[in-house]
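Keep in mind the model is a prediction, meaning the values are calculated, not measured. Below, read A as the first sequence line, B as the second, and so on, with proteins coming before strands; counting in each chain starts at 1.
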2 protein chains.
Amino acid sequence: MKPTIRDVAKMAGVSISTVSRVMNSPESVVEAKRSRVLEAIEKLQYQPNAFARGLIYRKSFTLGLLIPDIENMYFAGIIRGMQDACVKLGYSLMICNTDRDKDRLLSYIDAFREKQVDGIVFASDILYPEYYEKLTACRIPFVLLSSHSDEFEVPSVEVDDEEAAYEAVKFLIELGHREIGMIGFNHVNSVSGPPRYEGFIRAMKEGGLTHNIEKVAYAEHRFEQAYHATHELFSAHPDITAVFCVADEFAMGTISYLKDRNILVPGQVSVVGFDNLRMANMFIPKLTTVAQPIYELGYRAAEKLHELLTTGSVKVPKEMMKHKLIVRESSRQR
Amino acid sequence: MKPTIRDVAKMAGVSISTVSRVMNSPESVVEAKRSRVLEAIEKLQYQPNAFARGLIYRKSFTLGLLIPDIENMYFAGIIRGMQDACVKLGYSLMICNTDRDKDRLLSYIDAFREKQVDGIVFASDILYPEYYEKLTACRIPFVLLSSHSDEFEVPSVEVDDEEAAYEAVKFLIELGHREIGMIGFNHVNSVSGPPRYEGFIRAMKEGGLTHNIEKVAYAEHRFEQAYHATHELFSAHPDITAVFCVADEFAMGTISYLKDRNILVPGQVSVVGFDNLRMANMFIPKLTTVAQPIYELGYRAAEKLHELLTTGSVKVPKEMMKHKLIVRESSRQR
DNA sequence: AAGGTAATTGTAAGCGCTTAAAAAAGTTAT
DNA sequence: ATAACTTTTTTAAGCGCTTACAATTACCTT
């Protein structure tokens with residue numbers, strides 16, 4: 001049987017409230033007793049029961065993280081960052097992978113509520129009214145990660161997708177490319193799909209290359225789809241010499257396709273990715289990509305949630321973190 | 001304020017114990033009242049407080065997962081499998097990433113204990129006596145995943161590393177290779193390092209190729225280290241025509257090194273990986289590799305832990321799951 | 001030494017739930 | 001109609017902890 005506060009009290013020869021005070025406000029207990037209690041705690045390996053405390057404080061010191069796809073390496077970094085922040089803040093972390101399934105997501109929110117998580121980080125997904133209402137009805141505070149809401153007032157941490165995409169495409173233009181395509185996220189159900197597309201458009205307009213605006217093919221998250229999208233893109237526009245991919249995984253799909261068609265990257269076609277996953281540096285060729293501060297995004301999201309939980313609000317409701325173009329081997333001067 | 005069982009009782013005009021019974025043994029409550037209670041529950045969106053239940057049942061319906069490196073894609077599949085099993089079994093999952101840090105691991109066990117997780121899956125790490133004792137002292141049941149213990153009696157789920165490695169190397173021999181090297185895990189602190197090395201040795205002996213036994217270089221988990229290890233390996237043995245890598249990430253490191261040296265894969269050198277990560281199919285060239293049933297390993301580990309929790313023991317203490325060689329593009333007939 | 005104040009400790013209520021035991025309500029047999 | 005059961009419901013204790021409040025002890029003053 002796990003020792004309880006009674007066992008400690010008995011061993012130390014004090015009442016349970018004294019033991020409790022030793023743990024919660026040690027200075028209010030006279031030194032002699034305090035050390036006896038501490039000794040008993042040590043000897044019994046006593047640890048307070050989180051259920052009992054939770055019942056009283058109505059807090060679990062646990063945060064929830066909702067991610068759409070654990071197999072996307074992006075989230076490995078998010079998780080690391082968030083977990084480190086949780087350790088620092090004295091919280092535990094409960095991660096739920098929705099596999100982009102609406103029902104799963106909703107039922108995970110229920111699970112979070114039942115387990116009384118103190119707050120949730122909602123990552124990389126659109127905050128549909130349905131979700132917002134559920135979360136609000138459950139009275140669980142939450143923040144958005146790599147997402148934001150225009151409709152509702154919800155704190156968020158993300159990267160400036162439009163600007164980041166713009167810079168990536170601008171880089172391609174500066175490299176001398178004139179026929180530039182894009183592999184984007186399907187705009188439906190996508191948070192970063194539209195802004196990254198807008199960034200592409202802005203760069204094109206600015207560069208006087210508006211004829212490229214239609215050179216866009218779409219995929220949904222996975223390598224294989226990006227591969228097929230690239231096929232469509234190049235079938236329709238064989239003259240393309242550079243492709244902006246809105247995800248590193250897409251860039252890999254694109255490069256694989258080009259490889260299979262014996263088109264050299266970066267020799268004939270330059271490819272720029274997005275995210276700077278760990279894989280971006282392992283792929284052949286190493287990917288030129290727009291780096292997101294992935295770890296930091298996770299870290300900040302947890303901090304922000306904590307701020308929301310402890311102060312009731314948040315200083316910077318919509319926080320943008322810095323991206324950075326990283327030039328490697330998949331792009332080249334035209 | 002979240003509604004409590006009292007609110008439901010009041011609304012339904014019954015005592016709280018009736019409400020409780022509606023939830024726990026509905027047949028013991030007469031239909032008329034039962035439906036009134038159910039209605040009240042629905043109307044109030046009532047959900048029992050997990051703290052209160054936990055206090056009584058001494059169960060959290062939460063499992064813990066301890067993994068060494070969330071950035072290793074291997075664990076993404078493990079997590080998916082385990083989470084799906086948890087959903088099926090009515091459990092929540094708490095994941096902790098130790099970053100291979102002993103102190104972190106130990107403190108996560110404390111956190112698990114405090115949060116009263118019902119059991120732990122301990123993945124891909126050696127069960128040191130220190131860990132075993134801590135877990136035992138905390139009285140938390142646990143199972144090993146992609147690991148096992150000869151020293152202690154602990155249920156485990158894994159793949160037959162020795163046999164799998166043996167088959168991979170045998171495949172290379174059958175392809176006609178005679179000068180075969182290996183990029184292995186450092187044997188210290190490694191679970192699968194030794195058996196995979198043994199498999200390599202066995203295949204070599206069987207093939208009468210014992211001169212290869214010393215053609216082994218070691219790395220610890222990461223791409224960059226595998227890259228360097230490959231450099232060592234080829235510096236010492238430039239005649240190698242095939243490399244068995246004990247992880248897909250190593251295979252990528254090896255191939256990257258060879259690429260940088262203008263050595264063609266599979267043209268001049270064949271490379272076989274291990275794991276069959278999702279990336280194995282995205283890399284260029286696609287990796288020939290020994291597939292582990294990653295998702296299933298996670299799933300089974302959770303099931304096994306559940307079996308241990310509910311029955312107190314486990315039918316098959318040391319369970320081996322099937323591996324399978326998958327031939328893709330990184331290997332070729334010599 | 002008595003009285004007053006401050007510091008320390010103990011008692012008991014209560015967090016939201018389950019469940020054994022007691023009480024109430026409903027059935028059946030006489 | 002009443003006794004003797006059976007079924008259903010309520011009462012109350014308790015899970016392990018915190019904390020307001022009461023009780024005790026220690027320490028000053030005069």
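For Arg278(B), the side-chain hydrogen bond (donor to acceptor under 3.5 Å, both in side chains) partners two or more places apart in sequence, or in a different chain, are Glu249(A). Every residue two or more places apart in sequence or in another chain that forms a side-chain contact (heavy atoms from CB on, under 4.5 Å) with Tyr295(A) is listed here: Arg80(A), Asp84(A), Tyr299(A). Listed by chain and residue number, nothing satisfies the ring pair (Phe, Tyr, Trp, His ring centres under 6.0 Å) test with His148(A) (two or more places apart in sequence, or in another chain). Asp7(B) is linked by a salt bridge (charged side-chain N to carboxylate O under 4.0 Å, His left out) to nothing, counting only residues two or more places apart in sequence or in another chain. Applying the side-chain contact (heavy atoms from CB on, under 4.5 Å) criterion to Glu39(B), with sequence neighbours excluded, gives Lys43(B).
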(request) Evaluate the criterion side-chain contact (heavy atoms from CB on, under 4.5 Å) for residue pair Asn24(B) and Arg53(B); output intermediate values, then yes/no. (result) CA-CA 12 Å; Asn24(B) 299 300; Arg53(B) 301 184 94 146; 3.2 Å; yes
(request) Apply side chain to side chain donor-acceptor pair (under 3.5 Å) to the pair Tyr132(B) and Glu151(B), showing each step before the final yes or no. (result) CA-CA 10 Å; Tyr132(B) 177 81; Glu151(B) 194 171 350; over 6 Å; no
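Residues from residues 40-51 of chain A with heavy atoms under 4.0 angstrom of DNA chain C: there are none. Contacts between residues 25-37 of chain A and DNA chain C, defined by a heavy-atom separation below 4.0 Å, involve Ser28(A), Val29(A), Val30(A), Lys33(A), listed by number.
Within the structure, every side-chain polar atom (N or O) of Ser15(A) is placed at least 4.0 Å from both OP1 and OP2 of dT11(C).
In this entry the distance linking CG of Asp7(A) with C1' of dG16(D) reads 11 Å, nearest Å. Residue Tyr57(A) contributes atom OH, which lies 12 Å from atom P of dC17(D) at whole-angstrom precision. Look at NZ on Lys10(B): it is 12 Å from P on dG16(C), rounded to the nearest Å. For Ile5(B) and dT19(C), the CD1 to P distance is 11 Å, given to the nearest whole Å. Between the CE atom of Met23(A) and the C1' atom of dG16(D) there is a distance of 10 Å, rounded to whole Å.
Tyr131(B) does not carry Lys134(B) over the face of its six-membered ring by the limits of under 6.0 Å from the centre and within 45° of the normal.
In this structure, Glu307(B) contributes its side chain and Lys315(B) its backbone to a donor-acceptor pair below 3.5 Å. Within the 3.5 Å criterion, the main-chain N or O of Leu144(B) finds no donor-acceptor partner in the side chain of Ser147(B). The backbone N or O of Phe51(A) lies less than 3.5 Å from a partner atom in the side chain of Asn49(A), making a donor-acceptor pair. The main-chain N or O of Ala137(A) is never found under 3.5 Å from a side-chain atom of Gln45(B) such that the two would form a donor-acceptor pair.
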Show which side-chain atoms of residues 121-130 of chain B pair as donor or acceptor with protein atoms under 3.5 Å away, not counting sequence neighbours.
residue   : atom : partner   : partner atom : Å
Tyr128(B) : OH   : Asn189(B) : OD1          : 2.4
Glu130(B) : OE1  : Lys102(B) : NZ           : 3.4

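Across all strands, Thr18(B) comes closer than 4.0 Å to base atoms (heavy-atom distances).
Using a 4.0 Å cut-off between a side-chain N of Lys or Arg and a carboxylate O of Asp or Glu, Glu296(B) and Lys322(B) do not qualify as a salt bridge.
The aromatic rings of Tyr91(A) and His306(A) stand perpendicular to each other, their planes meeting at an angle above 60°, with 30° marking the opposite boundary.
Within the structure, salt bridge (charged side-chain N to carboxylate O under 4.0 Å, His left out) contacts touching residues 13-32 of chain A (residues at least two apart or in different chains) are Glu31(A)-Arg34(A).
Computed from C1' positions of five pairs at each end, the angle between the two local axes of the helix from dA1(C)-dT30(D) to dT30(C)-dA1(D) equals 50°, rounded to 10 degrees.
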Give me, pair by pair, the N or O atoms of the protein and of nucleotides 12-15 of chain C that are less than 3.5 Å apart, along with how far apart they are.
residue : atom : partner  : partner atom : Å
dC15(C) : O3'  : Arg58(A) : NH2          : 2.8

Find every protein N or O atom lying less than 3.5 Å from an N or O atom of nucleotides 21-25 of chain D, and list the pairs.
none

